[in-house]
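Dumping the structure here so I can ask a few things about it.
Atoms within a ligand are numbered from 1 in the order they appear, just like the ligands themselves. In this chain, numbering begins with 1 at the start of the sequence shown. Note that this is a predicted model, so its numbers are computed, not measured.
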Amino acid sequence: MNDSFDAEVFDIDDGFDTPIKRMKLEEEVDCYDLDDDSDQESLEPAPAATSVLERALSELYGIKNLIGPQESRRMRAIEALEDFIRPASLPTHQAPVTQPSAVLAKTQTQRRTAAKDMSPALAEEQLSDVEMLSAPPSPDPTRGTPGSGRGKAVSRSVGAFLSPCSVSHAVSIALPDALEDLIRAQASLPLGPASSSGFTNPPRPLPTYGHRAPSPEPIEDASTQEDVDPIEEITLDDMAPVQGNRRDHGAARVGPWTATKDASHTPARPFGRATAPMLDDSVVERIHTTLRSRFAMAAFRPYQKEAVWAAVAGKDVFVILPTGSGKSLTYQLPAVIAPGLTVVVSPLISLIIDQVAHLAAWGIPAVHFSGPRPTHHPTDLLPGADGAVPYKVCYVTPEKIVQSRRLIQIFEQLHKDGLLDRFVIDEAHCVSNWGHDFRQDYIELAKLRQSYPDVPITALTATAAPRTKQQVIDILQLRPDFTDIEGPLYRDNLVFSVVPAETSSAMAVHQQAARMVQLRFRGMCGIIYCMSKNETTKAADSLAAVGIHALPYHAGLEAAERDRVQGEWSGGRIKVVCATTAFGMGIDRPDVRFVIHVGMALSVAGYYQAAGRAGRDGKTAECISLFRWKSKAIPEMVLNAAHSMDDGKRQHLYETLWFMADTVCCRNEMMLRHFGHDRHFQCGKCDNCKREKSDLRSIPPDTHLGIQTSLYRAVRGNDGQWTVPQLLKAMPGLCNKLKALSPPVRMLAIIYALRHGFISEVAANARVRLRPGREPTAVSELQYDRQVPLW
Ligand SMILES: Nc1ncnc2c1ncn2[C@@H]1O[C@H](COP(=O)(O)OP(=O)(O)OP(=O)(O)O)[C@@H](O)[C@H]1O
């Protein structure tokens with residue numbers, strides 16, 4: 001195994017901006033707490049190690065506060081971290097998957113200095129530690145450093161445990177971010193309760209703990225180590241992404257989510273990555289001052305710093321952060337600092353108006369060109385006699401920036417004068433037809449790079465799966481060295497559940513939703529998402545019938561009426577809006593406690609986007625989908641998908657149906673998988689994590705094969721004359737095994753068989769027939785995973 005690790009060593013007292021050394025290590029390095037007299041036998045993460053673990057877990061799995069005094073929790077945490085950093089299962093040509101960044105060091109000098117202020121006994125111990133650490137490495141790699149008996153930085157393939165106050169030199173590999181941000185994140189992120197249901201896998205013992213490390217090597221003076229190899233600065237962008245899930249159980253997932261393993265997909269990626277370029281101290285100071293004085297914010301949220309730094313450094317930036325995480329600041333703050341104008345392309349007029357109002361409230365001059373009656377003329381953007389631009393931020397719709405010749409002329413003029421600072425493409429997933437909200441005009445934004453090659457571009461979105469992301473990068477022609485910022489998309493305050501609708505009638509579902517609001521969310525603020533404009537009015541009527549005042553909102557309303565509804569809602573005068581997805585992106589009321597879908601979202605990403613309106617204040621909020629399994633519209637949709645939808649839309653439909661029907665897999669895991677995070681995860685809060693019994697889980701593997709075979713035969717037997725609804729209806733009669741399945745599971749069985757090619761669709765005259773596809777496959781060949789449902 002030739003795996004080596006790129007590691008950086010930092011002096012703890014100098015902060016973590018500049019590594020004092022970069023080195024290559026042949027093996028991973030654990031750092032033990034030197035103050036722990038009991039040696040490695042009772043290795044306990046010191047506080048900083050706990051922070052490191054928590055951060056890693058938060059980054060990777062969205063799990064917070066998992067590390068507690070209980071051994072089992074700790075072990076689960078360590079198991080998770082181990083999975084994160086252990087390279088053993090990676091192909092040898094790959095670099096470690098995560099940033100080789102966080103490294104702690106307490107120099108001997110510092111320890112000697114510290115000893116001066118200690119009591120004689122402590123000082124003696126401290127100095128003895130220093131002496132001990134100065135000792136040359138043990139000639140016997142299987143023994144500890146001579147005379148130590150205490151923890152050392154030792155090579156082993158488990159984890160990184162760091163203690164800032166007691167480790168002499170420690171090297172960590174695999175932590176995703178600078179420690180400075182770790183501490184900030186720890187300070188600013190509320191820690192949610194640990195998952196009550198815990199992980200699906202039983203916690204494993206830690207066999208390597210308590211064993212004497214095989215190859216202790218102090219990393220005290222890296223320059224004397226043979227494996228030191230000065231390396232180019234490594235950023236996360238240089239790192240190869242994870243190839244699949246390095247946990248055995250996750251690699252074998254089946255279901256629509258495995259589609260991300262198709263050759264046409266980019267590989268899965270790790271949670272959370274970002275790297276900030278270096279900036280002059282004066283610039284850094286200015287950024288912090290601006291944050292506090294102009295935006296009245298005390299500190300950056302996670303990942304904002306990296307994005308702001310990169311923008312200020314003039315780089316192209318791609319930011320994928322969760323809904324409500326504060327993406328706007330990542331271009332607004334650099335816009336304030338830069339000398340010229342920042343142009344923001346945003347898809348919705350309501351969103352634009354909202355942003356301009358926010359900036360006005362902070363005293364930042366902003367203007368917009370959107371809608372049929374703009375309030376400004378493009379020449380208003382030109383600099384005055386003093387040469388300064390009157391507006392720092394200009395919002396435009398994609399249509400405007402593409403079509404308005406006058407506006408284009410002004411941008412060209414500003415560009416010539418060196419006053420066009422940056423283009424920002426908000427909701428950048430709209431560029432991609434793989435995205436859930438594709439907008440034709442966004443494609444035209446490709447011209448920005450062609451017309452203004454030297455003007456940097458920022459792309460922002462909360463919802464870009466890998467394929468979408470790549471398409472956005474290609475279309476916008478981001479420079480190869482663009483700064484790539486991805487935060488974990490998991491929001492731990494959102495509780496997802498899918499509730500079967502009592503009947504298939506739309507009216508009954510609206511009434512069910514109204515009762516739910518009346519009983520569970522009375523007096524709270526929320527949104528009811530409907531599938532059609534018509535439905536929004538009917539849903540509002542149903543709420544009125546139970547005494548809850550709600551207003552409808554959809555794109556068909558007059559602009560003034562839309563503004564009125566949004567104003568009433570944002571101003572807190574009405575609590576509930578029944579809306580189509582027109583009321584979505586950018587809606588930023590903090591205290592939305594529930595989002596109920598009475599109609600099916602058209603994609604998982606769209607669902608995430610809509611649900612993301614909830615809980616933006618960080619407090620718990622519920623995202624409920626009332627799903628009409630009994631509705632004939634669902635098989636119709638599957639039926640139509642084959643001949644009327646392109647591959648992307650069909651994939652979205654299958655995934656969404658799967659998301660709704662799956663009663664085993666954590667809802668958050670399904671969403672994260674959609675976004676390319678191929679990891680096993682349980683939030684412990686969603687309906688599936690809390691569910692004790694599932695008819696999916698109860699199907700044993702051989703039955704899966706039986707169902708597969710039955711489907712295959714059934715379709716063949718009828719000479720391919722089956723339509724999807726016919727088959728759904730006939731299924732219970734076709735095979736005993738299918739009889740037992742509920743309608744959702746039957747639907748999943750069909751989707752599964754279609755996705756995996758056991759049956760194939762043939763579209764003819766707007767009807768779809770099903771034909772047998774490839775032979776049913778033994779479950780083992782499908783790498784069946786006992787932890788997750790086969791369909
Ligand atoms: N560092 C910060 N400190 C405090 N508040 C912040 C910070 N950054 C952003 N916010 C606030 O968080 C809220 C959400 O920010 P923003 O609208 O930029 O989110 P977003 O990531 O664009 O969400 P969405 O994708 O849902 O539109 C805003 O009210 C914003 O003012």
Q | Heteroatom distance test (Q304, ligand 1): nitrogen or oxygen, under 3.5 angstrom | A |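 Yes; the residue has a nitrogen or oxygen that sits under 3.5 Å from a nitrogen or oxygen of the ligand.
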Q | Pair S328-Q355, side-chain donor/acceptor within less than 3.5 Å | A |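 Looking only at side-chain atoms, Q355 and S328 do form a donor-acceptor pair, the distance falling under 3.5 Å.
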Q. Ring centres of Y395 and F369 under 6.0 Å apart?
A. no
Q) For ligand 1, which part of R616 has a heavy atom less than 4.0 Å away: the side chain, the backbone, both, or neither? A) side chain
Q.
For F318, does the six-membered ring have the charged nitrogen or CZ of K469 within the cation-pi criterion, i.e. under 6.0 angstrom from the centroid and within 45° of the normal?
A. yes
Q | NZ/NE/NH1/NH2 to OD/OE distance under 4.0 Å, R589 and D617 | A | no
Q.
Would H358 count as a polar contact of ligand 1, with the cut-off being nitrogen or oxygen pairs under 3.5 Å?
A.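 It does not: no N or O of H358 is found under 3.5 Å from an N or O of ligand 1.
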Q: Give yes or no for whether the N/O distance cutoff of 3.5 Å, strictly under, is met between G324 and ligand 1.
A: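 Yes - when backbone and side-chain N and O of G324 are compared with those of ligand 1, one distance drops under 3.5 Å.
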Q: Decide whether a cation-pi geometry holds between R520 and F594; the criteria are a distance under 6.0 Å from NZ or CZ to the six-membered ring centre and an angle within 45° of the ring axis.
A: no
Q: Could you tell me whether K327 and ligand 1 have an N or O pair separated by under 3.5 Å?
A: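 Checking ligand 1 against K327, an N or O pair does fall under 3.5 Å apart.
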Q) Does A299 reach ligand 1, in the sense of a heavy atom lying below 4.0 Å from it? A)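 Distance cut 4.0 Å: A299 passes for ligand 1.
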Q: Measure M297 to ligand 1 on non-hydrogen atoms and call it side chain, backbone, both or neither using the 4.0 Å cut-off.
A: side chain
(Q) Strictly distance-based, threshold 3.5 Å: is any side-chain N or O of Y442 a donor or acceptor partner for the main-chain N or O of V472? (A)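 Side chain of Y442 to backbone of V472: no pair is present.
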(Q) Between T458 and R422, is there a side-chain donor-acceptor contact under 3.5 Å, judged purely by atom types and distance? (A) yes
Q) Given I574 and V577, is the side-chain contact (heavy atoms from CB on, under 4.5 Å) satisfied, shown in steps? A) CA-CA 8 Å; I574 52 161; V577 171; 3.9 Å; yes
Q: For ligand 1, note which part of P590 has a heavy atom under 4.0 Å away: side chain, backbone, both or neither.
A: neither
Q) Among G326, G612, P322, which residue places a heavy atom closest to atom 15 (O) of ligand 1? A) G326
(Q) Does any N or O of ligand 1 fall below 3.5 Å from an N or O anywhere on R301, backbone included? (A) yes
Q) At a 4.0 Å threshold, what atoms of ligand 1 neighbour a non-hydrogen atom of R613? A) 26 (O)
